[in-house]
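Take a look at the structure below.
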Number of protein chains: 2
Amino acid sequence: MNLITEDIEPKTSDNKEQIKSDNLTDRLIEAIVNGDYPAGSKISEPELARIFNVSRGPLREAMMRVESLNLVERIPHVGARVVSLSLEKLIEVYAVREALEGMAANLACKHIDDEEISTLENLLGKHQSHIEQVDGASYFYQEGDIDFHYLIIKASKNEQLINLLCSQLYHLIRMYRFQSPRQHARPEKALYEHIAILNAIKARDPELAEMLMRRHIKNSRILIENEMLEE
Amino acid sequence: MNLITEDIEPKTSDNKEQIKSDNLTDRLIEAIVNGDYPAGSKISEPELARIFNVSRGPLREAMMRVESLNLVERIPHVGARVVSLSLEKLIEVYAVREALEGMAANLACKHIDDEEISTLENLLGKHQSHIEQVDGASYFYQEGDIDFHYLIIKASKNEQLINLLCSQLYHLIRMYRFQSPRQHARPEKALYEHIAILNAIKARDPELAEMLMRRHIKNSRILIENEMLEE
DNA sequence: AAATCATGGATTGTTGACAATAATGTTGTT
DNA sequence: AACAACATTATTGTCAACAATCCATGATTT
């Protein structure tokens, strides 16, 4: 009969939702990071389950994972709320980034390949022209900055490092950017720092690459600290 | 009526299992870390649920969290297995430790208080006498080593760092120690390195403390790499 | 006889209902 | 009128049954 069509259609049309609980995790993460559920707001299980068209079981499973990412805080018998971010926490995250991404730059010197290098060069080229066009700050650069760091982390070829940064801290950092979408204060300076880092990596100089990456992240942190003092 | 007794008794008698799902997570972690479920072995949900006297619901929720800790790997519709460890992965973990614990030692210089310093001094004193007694390697030292690192991480007062190291990587590291329980090859040398690190922290010298901590962890990593080459 | 397909069993994914706990609103007393 | 105790309600924690998927065993075909 039409068993064949039923067997094929799911693969072509809407097979993207293989396991509800798993994809639900990603959708929840995106929703929280995007700010669909504001910081500090309570998350109602029945309500969310209704919105996502699932039962509370898979939703709770997804919730546990999102909790491990520190995107929500759960209190037994009370409920879950989206984490309230603070500049103090953000500064703590930057200390962790400084350590881990510094190590990533170090390891990248040993493990990066030619293709990854040219990808990075193209990326920085695009940043250059964008900055010349819009003359300074643009929202584009925020994403571009993430891409640059992302690529170097991947180039370290250290799975533990990649997992920690890209699958755990990454979401938290993105959430901060969405919530306080201040422009990167000095995109030109950041670009030059990026170029210097890439040059060190191309020169296969681990100590220099690590030092430059750490200084680059430390500079970002100092901007945030100044911002904090102004308030 | 007897509402009072019913209200008090749970607090005194068996209130330790407040939430099944939560405590189950810890029990599962301990069981896996201790090797009750060997590396690579399959974990059956109905069987585990029976053993822990819970339903599959809370067990699955605990499972999701344990999966986030990288202690088990889950394949959709197939099941979960305890992760198979390898020296390659362990070396990757040590690179992460080098970066994060180096930063922890750095931050500890600024945030450690006198009480924490004396706790550390007492700990190292105990290690000293233990080494003199048993003349070298002892299992005791393994736990003691963890304690030393644990205290310095806490002293950093950086919640993100503490969470990452103590709540995430910590379990994985302990699991490795249980699975390949080689003695620390050079406990005397490790102790001297610990003493040097503590001295740098007492001297409030962040750069030196970080450098010494990184070298200390790097030395451990080199031991493992040599071990790997022998096989 | 080997390979392929089908069928049965077991395990995972999901659901809805039930139990336990906390928050809210109400009532009575001081 | 304000506070405290109680009842109600809503939400979370837990469970057992149902559906979907995978794996293994055996039958069938080439």
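Checked against B:Arg56 for a salt bridge (charged side-chain N to carboxylate O under 4.0 Å, His left out), the options B:Glu45, B:Glu61, B:Glu47 give a single hit: B:Glu45.
Between A:Ile75 atom CD1 and D:dT12 atom C1' there is a gap of 13 Å when expressed in whole angstrom units. The distance from atom CD of A:Glu45 to atom P of D:dT12 is 5 Å, rounded to the nearest whole Å. The distance from atom CD1 of B:Ile43 to atom C1' of C:dG13 is 17 Å, rounded to the nearest whole Å. Rounding to whole angstrom units, CZ of residue A:Arg74 and C1' of C:dT21 are separated by 14 Å. Atom pair B:Phe52:CZ and D:dC15:C1' shows a separation of 18 Å (rounding to whole Å applied). Protein atom CG of B:Asn53 is 15 Å distant from nucleotide atom C1' of D:dA16, rounded to whole Å. Put simply, CE on A:Met63 is 15 Å from P on D:dT14, counting in whole angstrom units. Here D:dT14 presents its P atom at 13 Å from CD of A:Glu61, a figure rounded to the nearest Å.
Between the side chain of B:Arg74 and the main chain of B:Ala80, no donor-acceptor pair closer than 3.5 Å is present.
Of the candidate nucleotides D:dC23, D:dT14, C:dG13, D:dT14 has the atom nearest to the side chain of A:Arg60. Side-chain atoms of A:Arg56 lie closest to D:dG13 of the nucleotides C:dG13, C:dA22, D:dG13. When distances are taken from the side chain of A:Ser55 to each of D:dC15, C:dG16, D:dG13, the shortest belongs to C:dG16.
Among the heavy atoms of the strands lying under 4.0 Å from A:Gly57 is at least one base atom, whether or not backbone atoms are also near. Using a 4.0 Å heavy-atom distance criterion, B:Leu59 is classed as making no nucleic acid contact. Looking at heavy-atom distances under 4.0 Å, B:Leu24 makes no contact with the nucleic acid at all. Using a 4.0 Å heavy-atom cutoff across all strands shown, B:Pro58 reaches sugar-phosphate atoms only and no base atom.
Between A:His194 and A:His149, the angle of the ring planes goes over 60°, which puts this pair in the perpendicular group of the 30/60° scheme.
Here A:Lys42 does not reach the OP1 or OP2 of C:dA22: none of its side-chain N or O atoms lies under 4.0 Å away.
Ion pair B:Arg177/B:Asp145 flagged as a salt bridge, since at least one NZ, NE, NH1 or NH2 atom sits closer than 4.0 Å to an Asp/Glu carboxylate oxygen. Ion pairing of B:Glu98 with B:Arg214 is present here, as a side-chain N (NZ or NE/NH1/NH2) and a carboxylate O approach within less than 4.0 Å.
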